Each structure stands twice: as C-alpha cells, then as structure tokens.
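Since the structure comes first, as structure tokens, the remarks are kept for the end.
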Protein chains: 4
Amino acid sequence: MSSDIPPRRPGRPRSEQADEAILRAARELILEFGVQSFSMDMLALRAGVSKPTIYRRWGTKEELLTDAIGYASEQTVIPDTGDALLDLRQLLEQMLGSLEERFGGKIASAHKMIAGIIDSQQSLQQYEENFIRPRRKAYREIIQRGKRSGQIREDADEETLIDLVSGSYFYCLLFKPQEMTSGQWLQQVWRLLEDGIGKLRT
Amino acid sequence: MSSDIPPRRPGRPRSEQADEAILRAARELILEFGVQSFSMDMLALRAGVSKPTIYRRWGTKEELLTDAIGYASEQTVIPDTGDALLDLRQLLEQMLGSLEERFGGKIASAHKMIAGIIDSQQSLQQYEENFIRPRRKAYREIIQRGKRSGQIREDADEETLIDLVSGSYFYCLLFKPQEMTSGQWLQQVWRLLEDGIGKLRT
Amino acid sequence: MSSDIPPRRPGRPRSEQADEAILRAARELILEFGVQSFSMDMLALRAGVSKPTIYRRWGTKEELLTDAIGYASEQTVIPDTGDALLDLRQLLEQMLGSLEERFGGKIASAHKMIAGIIDSQQSLQQYEENFIRPRRKAYREIIQRGKRSGQIREDADEETLIDLVSGSYFYCLLFKPQEMTSGQWLQQVWRLLEDGIGKLRT
Amino acid sequence: MSSDIPPRRPGRPRSEQADEAILRAARELILEFGVQSFSMDMLALRAGVSKPTIYRRWGTKEELLTDAIGYASEQTVIPDTGDALLDLRQLLEQMLGSLEERFGGKIASAHKMIAGIIDSQQSLQQYEENFIRPRRKAYREIIQRGKRSGQIREDADEETLIDLVSGSYFYCLLFKPQEMTSGQWLQQVWRLLEDGIGKLRT
DNA sequence: GATTAATCGAGACGGTACGTCGCGTCTTTCG
DNA sequence: CGAAAGACGCGACGTACCGTCTCGATTAATC
C-alpha cells in the first residue's frame, strides 16, 4: 500500500517505447555484430531513436551495454523444490539460460562483456549490485532451506560456500565454457562439497 | 656449427631498449587507466617511442596487450612442506606475489589486470597456457600428496577441487579483495572443503 | 462602445513579464557571448522561461534576435545649433549614446551588436528602416542647413556625403573603437571633407 | 638570398593536395548551399578528406570559413596607371571582383560572412590582419603616388582618407549592394573627396 | 669508405565512433 | 487555454582512437 513510487517529475515523461526499442536493438546488434563492433550510431539508427535520447538514459556506451546484456532487469526466481541441490541446479541453469538467451548460444563470447564490466570500477560495482547481490541472496536462501531440510550441515559457513560455487561458476565459464552446458559441472561440484575432502569422512 | 643466432638481417637492428620501454609503459598504463582506456597513442607517448615502432613489433593492440600482461616467462615453484594445506597456501601466496611483482604491489587493482587478461580471447588463451595450466599442475601435485598423507580423501575429484579453489580465488580477488590478503579466506575455504557440507558428517 | 481592447481570447493570457524577461535576457546574452554563440536553450534558462513560451511569441531564432536588437522604438532628435559641424557631432554622439544605453555602455563590444544586426537579413532590413533611414534623414537636414549657412558647398552630393560619414563611422567603430570616443575622429573627418583632397584647392 | 623559410618540421609534412581540396570544396559548398547550411561533415565528404585532417589545419569551422571565403591568400596587386583615381578604382574593382567570384555573383549574401567575421573578436582580428591591413597598405601607396603626381593635396591625412573610402565601401556593401556594382559609387565618392565640401572652394 | 637496407622519431592521414549541443516540436501536468 | 518542464528527431560539432603512410635522420652490415 505504500505508493511512494511515482513522484511524477514535471515535464514530458520519457518514452517507454524508446527504452524498449533501445534495449531490444542493442541486444540485436550485439548478437549480430558482437560487442566490439557495437556502435551507438548504429544503435540509434536501428532503434529508430536519436542519439541524445539514448544518452539521456545512459551516460555512456559502457553503462548501456551493461544494462543491455545485463542483468539489471533480470528478475531472479528462487526455485523451491524441497531439494536444495535441485534448487541450486535450477538457479544455475537459470543463469546459464539467461546468458545463452542473451548471447544467442555463444557463451564463449561472454568473456568480452565480463572484461568490460570488470575493467571499470563503476561498472563492476553496478554489476555487483544488480547481478551478484541478488544471486547471492538466492543462494543464501537455498542454503538455509538446505540446512533446515538437513541436506546441509548447520555450521557450514554460508558466505564461503557461496564464494566457492559462484567463483568456480565464473572460472569455468571463462576457462572451460564447453563443460558448463553439460550439467556435469554442477554435479561434480555438489558431490565434492557434500562429501568434503577430509579423510575422516568415511 | 649450426648457429642459433638468427640470420642477422641487414639494416639497422631493432632497438631492445624500445621493446622494454614499450612493455613497461604498457603495464603502467593498464594499471593507471585500465584496459578499456588503454590507447596506442598514449603508449607511444609514454614509452618515448613512435607508433610505427610499436606496430613493427606487434601487429595489433591485442597482441601487444597479450604480451604486456603475459605470463609467458612465469616459472612455478611447487612448495612441499609435508602439509597440503600449507603448500596450498604458499602456492596461492606465490600467485598473489606474482601479481604484485608484475604490477607494482597494488592487489586492489587486480581487477584491471584480470580484465586485461579476459579482454582478449588471445590473451586469455595465452594466460591459460602459461599461467593457469602450470598452476593447476602444481595444485594437482599438492592434492595428490595430500591424498597420500591422508589430509584429503582418496576419491575427491581433483579437477573439481581445483576449480573450486581457483575459482573462488579469482572471484574474491574481484569482489572482496580486502579479505584476500588477511589469509582468512583460505582458512575458511579449507575448513569448509575439509568438512564438507553434508549433514551426515557429524 | 467599440472597445479597442483586443477580442480577449479565452484561456490564460500571455504573461507580459515573460516578454520583457526574454528580451532583456537576449540582450544580455548577445553582449556576453556574441550572436554566433547565442542559443535559444541558454536564453530560456537565463530568462527563467520555457522554450515553448519563447516560440509562442517568435517563430524563429532570427525573428527574436531582430526584435531583441531591434531599434524599433528609437526616436531621433535632430540637433540644431546653427553650426552644421556641431550638429553632426551631436547626432553622432546620440547614436553612440543609443548603443551605450541599449547595451550597457560598453562601446568596445559594439562589434557584437553590429554583428547581430548584420547576421540576419531580416534584422538588417529592420535596422535599415528603423535606425538608418531616420538618421540619414537627420543627416540630410543638417547638411542642407550647412549649405544654407555656407559651411557646405551647394553642389556637394548629399547622399554620397552621408555614405562617407556613416560608413567611416561604423568602420572605425569596428576597427578602431578607442579612437571613436575621443572625438578626434569626427574632427579629422570633417577637416578632410571640408578641404577636399584636390591639389588645386590651396 | 635569405633562405630561412624552410625550418622543415620533422614528421610527415601536411599534404598540399588536402589543403587545396578542402578550400576548393568549401567554396563549392558555400556557393551551392550558402554559409548557413555549410557543414564540416559534408565538407570532409566532398573534399575526400577526413574531418581530423580539416581540424588539423583550422581549429574551428569559423576559421575555415574565414579562410575559404577570404581573403587570406588573396594577393593584392597594387595597380599603377599613373592616375591615382584610376588606380583606386581598379583596386576597388579588384575587391568587388573577388567577392563576386567567391560568392558567385551574389554580393548581397556577403553580409552573412561579414557578420560571422565580426562576431568573434578573434576572427575580426584575423580578418583585419589578412584582408584589411594589406588593402590599407595598397590604398596608402596609391594615395602617396597621388600626392606626388599632384592629384591629391600634400597635407590630406592619409589614414582618415582611407577610413572614409573603406568605411563607405563596407557600408554600401551592406545597405545598398545593388549600387556598388555599377561603378557610380566610386565616381561620386571621388568627386566629393576631390572637391571637398567647403564653400571657399569655388 | 661508400652503399644499402632496415630502423628510428615525428607526425599526418582515412575511417569510424564518441559524447555534446543546438533548433524547433511535442507531450505532460499545473494554473 | 497558457506556462513550466523537459523529452524528442535531426543533424552538426569537435575529439579520440586505430592502423597506415610518409618524411628526414640514424645505424649497422655489406660491398
């Protein structure tokens, strides 16, 4: 019931059609020509929009790309099947699927984007807020459910666990992308994490 | 008498000072401004060298960056203290040290380096061959010793374990660099990996 | 009861404050930045008025400039001291004074004004009608009085004489403004004109 | 024999073809579309030259226009017929002819250019140096010859005389361009100047 | 010792993209 | 209806970068 969302600035409101047209065109161009060949002039042409209209919304090509490829408006659906492992798998598949959808199946070319994001402290921070943080929140919830259901030890450190899973996710995305899609990756990671590496285990 | 010395082309030989000056300047610029803002004109200026002199040596900005960042000549020393955890820690410290040495001690700007590596497919591949692969070999050896000494379960999958450790290493380097130096990070990762997350454990 | 008041269109009447604010701001901006750098956006900002409010009154930047610079309401007082030279001097001082009054006393920036006038064909024409023409009429009267009083030869061509005086007036205003204020300028012009340049004269 | 002209800066020298192509294209475009519609992009296209190549030579559209229309490289040929009046006429015809040639006969559109020049103090100064000053030098020489030949009084002030002629030249160019071409203008100016306006003359 | 061939610095060049500004119009909401 | 606010299409501006090129000046190895 808290309706403090629409302060309604004076003046002509920004066209939502423009927003959509720009983002749609941006994604098309990225898929067609790649991130490196992506140009704002071409984008304006394709979106049927003037350059100032783009720059009113995004201050920089970089910011636009981050939004277009990313992850900003991506709504995270936290799966809840009752099985923590299954939930985790579905969450990761969601992320992979999103990547594939955006990049037209060529996950291998994701690294260009990632590099662009990492390079600027600002982009990195924005990425952290818009993508990383909600994912970690989702992870955390799944882990907590896993603890309650007994699949995960009560005293396992959640943050460290998330670091391990997310980290290896990105790492494998970069260095062995072809193994990511098969689903084997998560299987093995989970098994190792579940059992632990300690000898006493058996 | 097969002389390894190249056929010695006629004409003025290339200045070796130029090579060094270019690479040094390139590394400085990457650290100062990031890969995305890196420009060949600025490089020429900083290195006190003309652009053709650069392009005579590297055909492309990308090739140059690959070499400048490149870990081609990096040698890996595999620690052997008898304690797998300690070995692992030392190996990771070696990696951090290499970063620091190469780029002047500021781990906080590690993301610029990583971005530089990721940015070019070529660079990424070379990095994989010259840096990642030997490190993984070192990891593998440490893990195997750990298995023999009883610190690590025999049936823990080595590659997956390496993925987890290396992955979270880079991940944390990017998103929580301040926690990396303290050493806490490895401690917690190790503990979680050792115990596993499975409930049955206790 | 035929009321001269206009039909009183329905709706909110136009703000007269706006008219004044716009014209005043326009003159300020012309003096500060020159005609070429004059922009409608800056004008709206400076006048505290929205752009449509300006365009409701003037259809075009050019029309507005014409009005802002415009000497529409200028009234000419023809001096009559009995001495044609003195009259002429007073008329010229009147013109200088008008410039000063309208644009804040800085004759040095007269060239900005003149540029403004010349810039638009429309403005130039209006200036010609409202300012130049009455001044020429005044000149003509003074000259004719000069002829009657014997200061000026009967057969000197009036229009050519006016061209010479007015022309060099503007010319010197542009290229040697500092000599204008001293009064020397008119003195020398008059002397030369009086004596003529022909050798036979002496 | 003083050959201190060619300091020969290092680096690739600027292409003289480019200089010519740019100026030629600029004049074409001005004649075809007018000064207002003149654009640097179109110029680059027409001249077969890149924009930076233009901006290396002229810092601003304004400067380029000043050079293209003007007057910079205009070599002043000082006529010498033995008759000062004739010389003067020829000099002025030279100036008018140059205008006509550059503007394709439409002298009336010269005022746009002049306004542009006048507006910026810098342009005005450049114009003064490159166009005004050499013309005044030419005037001065003609006047001095006229004095020697007896056509002009010895004690007539040269600068004032030049002010009068040049001033009325520009004035008539602006306010009665159609009367300029006929040649009547100079005739009348000269007669008035020769005889003077003083009554004692007869 | 002269010639030759590759190098060097400096910097101009074509092409292409960037991000900004200006004009005149359009679209809101508030008086 | 007018006004303030501001977004919009169009198009130009001046700058940065890349990789190539053209100069004159070095600098060895070869003749």
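These numbers come from a predicted model, not from an experiment. Just so we're on the same page: letters track the sequence lines, and every chain starts at 1.
Close to E:dC13, at under 4.0 Å from its OP1 or OP2, lies a side-chain N or O of D:R57. Proximity of D:R56 to the phosphate of E:dC13: a side-chain N or O atom is located under 4.0 Å from OP1 or OP2. OP1 or OP2 of E:dG9 has at least one side-chain nitrogen or oxygen of B:T53 nearer than 4.0 Å.
Between A:M40 and B:S15, the residue anchored closer to the 5' end of DNA chain E is B:S15, taking for each the nucleotide with the nearest heavy atom. Each of D:F38 and A:E16 was matched to the nucleotide of DNA chain F holding its nearest heavy atom; the match closer to the 5' end belongs to A:E16. If you find the closest nucleotide of DNA chain E to C:Y55 and to A:S39, the one lying nearer the 5' end belongs to A:S39.
With rounding to whole Å, C:E63 atom CD is found 14 Å from E:dC23 atom C1'. Between B:I54 atom CD1 and F:dT20 atom P the separation is 13 Å, expressed in whole Å. Between the CG atom of C:L29 and the P atom of E:dG22 there is a distance of 11 Å, given to the nearest Å. With rounding to whole Å, A:M42 atom CE is found 10 Å from E:dT16 atom P. Taking atom CG on D:L64 and atom P on F:dA12, their separation rounds to 15 Å, with Å as the unit. If you take CH2 of C:W58 and P of E:dC23, they are 15 Å apart, rounded to a whole angstrom. Atoms CG (A:L65) and P (E:dA17) sit 14 Å apart, rounded to a whole Å. The CZ-C1' distance, from D:F33 to F:dG11, rounds to 15 Å in whole Å.
Distance from the side chain of C:D41 is smallest for E:dG22 among the nucleotides F:dA4, E:dG22, E:dG19. When each of E:dT7, E:dC23, E:dG14 is scored by its nearest atom to the side-chain atoms of B:R14, the top-ranked nucleotide is E:dT7.
Expressed to the nearest 0.5 Å, how far CG of B:L65 lies from OG1 of B:T60 amounts to 10.5 Å.
Checked by atom type and distance alone, the side chain of C:S39 pairs as donor or acceptor with a backbone atom of C:M42 at under 3.5 Å.
Within 4.0 Å (heavy atoms only), C:G59 reaches no atom of the nucleic acid at all. Using a 4.0 Å heavy-atom criterion, one finds that B:S50 contacts the bases of the nucleic acid, with or without backbone contacts as well.
For A:K51 against E:dG19, a side-chain N or O and a base N or O form a donor-acceptor pair under 3.5 Å. Taking only distance into account, the side chain of A:R12 never meets the base of E:dT28 through a donor-acceptor pair shorter than 3.5 Å.
Checking C:R46, C:K61, C:K51 one by one against C:D41, the salt bridge (Lys or Arg N to Asp or Glu O under 4.0 Å) holds for a single residue, C:K51.
Across every non-hydrogen atom of B:A26 and B:L43, the tightest pair is N-CD1, 3.4 Å.
A 4.5 Å side-chain heavy-atom check between A:M40 and A:L64 finds at least one atom pair inside the cut-off.
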